[in-house]
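One structure is given here, and the rest of the page talks about it.
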There are 2 protein chains.
Amino acid sequence: MSEGARLPTAAGRGRRPARARGDDRELLILETAERLLEERPLGAISVDDLARGAGISRPTFYFYFPSKDAVLLTLLDRVVAEADATMTAVFDGSVTAPREGWQRALAAYHGTFRDHRALTVAWAEARATNAEVRALWAEVFERWVQRCATVIEAERARGAAPPGPAARDLAIALTSMNERVISASLSGDGPAIAPDDVVPVMLRVWLNAVYGTPPD
Amino acid sequence: MSEGARLPTAAGRGRRPARARGDDRELLILETAERLLEERPLGAISVDDLARGAGISRPTFYFYFPSKDAVLLTLLDRVVAEADATMTAVFDGSVTAPREGWQRALAAYHGTFRDHRALTVAWAEARATNAEVRALWAEVFERWVQRCATVIEAERARGAAPPGPAARDLAIALTSMNERVISASLSGDGPAIAPDDVVPVMLRVWLNAVYGTPPD
DNA sequence: CGAACGAGTCAACAGGGTGTCGAGTCACGG
DNA sequence: CCGTGACTCGACACCCTGTTGACTCGTTCG
């Protein structure tokens, strides 16, 4: 099917369409993966499904990716980049009140994952069995923890927050909460907080944990 | 191997050793599973491993359990029963101070899972792919949430705790934190809180979330 | 032009896992 | 001794993964 399409892409720019076909296929595989993940869990998607979805045979799939998980990893790298950008913007943005700063950070965190529901759920699933996925998550988690720990220490230093457990431990505990609460809310199994209440509830716990009775 | 063993068990009691052999085998499979889980993750254990570990062939395994996950489920049922017993004891026990009550509850929660590290990690892994495991966990989680929500409401009613987010939402958020923090601490991948600090840190977050600046 | 090359492609295979079927064995109770 | 029910497993059907080797087809270069 679609045999007639003979690299009409980027024709005007001329000069060597090298790997034009290949890039298309790669993209198609990624899109197929994202599409299939919307309708069923990662475990129910085979390499053959991805290959056929992209109009190629299974062996050809392996020409582009070393495994099914590698496709997921590529997809996740994008989300990670997006999340990092958002996170940096939020942490560097001007904060008038502490409450507002934390609120914005939590909303950004929540928003990023909510915008990629299927991917987030698949991520959680793959983390259980794939070491690379686990490592990628650990990396993201660690960055978030460090930023939060830094802020908590700053708040303590300027006397806005009382002393307490090691800032890092507190950050780990609270970030763990975020992760699990959001994951449960998105995957929909088990008791979960209603989507619209996720951020307010988390915010409340964060503020209490960092400041005791919250400011304002 | 061990062919010579000809049901010498329960010989004195006489009268039909019906299913004596079978019960042994079933037990042996469960023990094998628990033993193998100490040394490698669930995904790296095949039905054949379980069967050979119990000295039987793969088809015979299916006489006792419908699948590998069913073995895990049986193992988990025991832990759940134990956890429920502990939990009930803790919640019904006399509490002199609120702080002490929560501290005891969190320590019990943490202790139950720490005492079954391998099983807890396997549980988390299986939850990603198996609906029954997910359902069992949801049940346990829900019971814990309800008990906590009830206590939070009682504390608010008697004026010990200030109003805040729906008690149930707060309970879900905090229980989610427990789950993830303990799971990370036991599985050892990614940033985690040191084992001995898990309960103190969680306690601090719980008290702040429920009471604002904690009592005492 | 024609050989050489590299990207892209896939049928066929090897290997490992799951779950099932049917034909057994064996110890009792009638 | 003959059934019956617990128990056992060789062999099979299937599904999935990852690899191999041959093949097509543009491009490039002598």
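Quick note on labels: first sequence line is chain A, next is B, and so on, each numbered from 1. What you see is a predicted model; the values in this text were computed from it and never measured.
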At less than 4.0 Å, is any side-chain N or O atom of A:T60 found next to OP1 or OP2 of C:dT9? Yes or no. no
Which class fits the ring pair B:W144 and B:Y109: parallel under 30°, tilted 30 to 60°, perpendicular over 60°? tilted
Value in whole Å for how far the P atom of C:dG19 lies from CG of B:L50: 12 Å
Which whole-number value in Å describes the distance from B:D23 CG to D:dG5 P? 19 Å
Are side-chain N/O atoms of B:R58 and B:S46 paired as donor and acceptor at under 3.5 Å? no
Just checking, is any N or O donor in the side chain of B:W137 or A:D189 under 3.5 Å from an acceptor N or O on the other one? no
Between D:dG10 atom C1' and B:F63 atom CZ, what is the distance in whole Å? 18 Å
Rounded to whole Å, please give me the gap between CZ in B:F61 and P in C:dG19. 8 Å
Identify whether the distance between the nearest side-chain nitrogen and carboxylate oxygen of B:E132 and B:R127 falls below 4.0 Å. no
Measuring to OP1 and OP2 of C:dA7, would you say a side-chain N or O of A:R25 lies under 4.0 angstrom away? no
Between the protein and nucleotides 16-23 of chain D, which nitrogen or oxygen pairs are less than 3.5 angstrom apart?
unit_1: D:dT17; atom_1: OP1; unit_2: A:V47; atom_2: N; d: 3.3
unit_1: D:dT17; atom_1: OP2; unit_2: A:V47; atom_2: N; d: 3.4
unit_1: D:dT17; atom_1: O4; unit_2: A:R58; atom_2: NH2; d: 3.3
unit_1: D:dG18; atom_1: OP2; unit_2: A:Y62; atom_2: OH; d: 3.0
unit_1: D:dG18; atom_1: N7; unit_2: A:R58; atom_2: NH1; d: 2.6
unit_1: D:dG18; atom_1: O6; unit_2: A:R58; atom_2: NH2; d: 2.4

Could you tell me the separation between the CG atom of B:D24 and the P atom of D:dA6, rounded to a whole number of Å? 16 Å
Just how far, in rounded Å, is P of C:dT18 from OH of B:Y64? 19 Å
Can a salt bridge be assigned to the pair B:E31 and B:R35 using a cut-off of 4.0 Å between side-chain N and carboxylate O? no
Mind calculating the distance between CD (B:E26) and P (D:dA6) to the nearest angstrom? 14 Å
For residues 67-79 of chain B, which residue pairs pass the side chain to side chain donor-acceptor pair (under 3.5 Å) check, not counting sequence neighbours? B:D69-B:N130
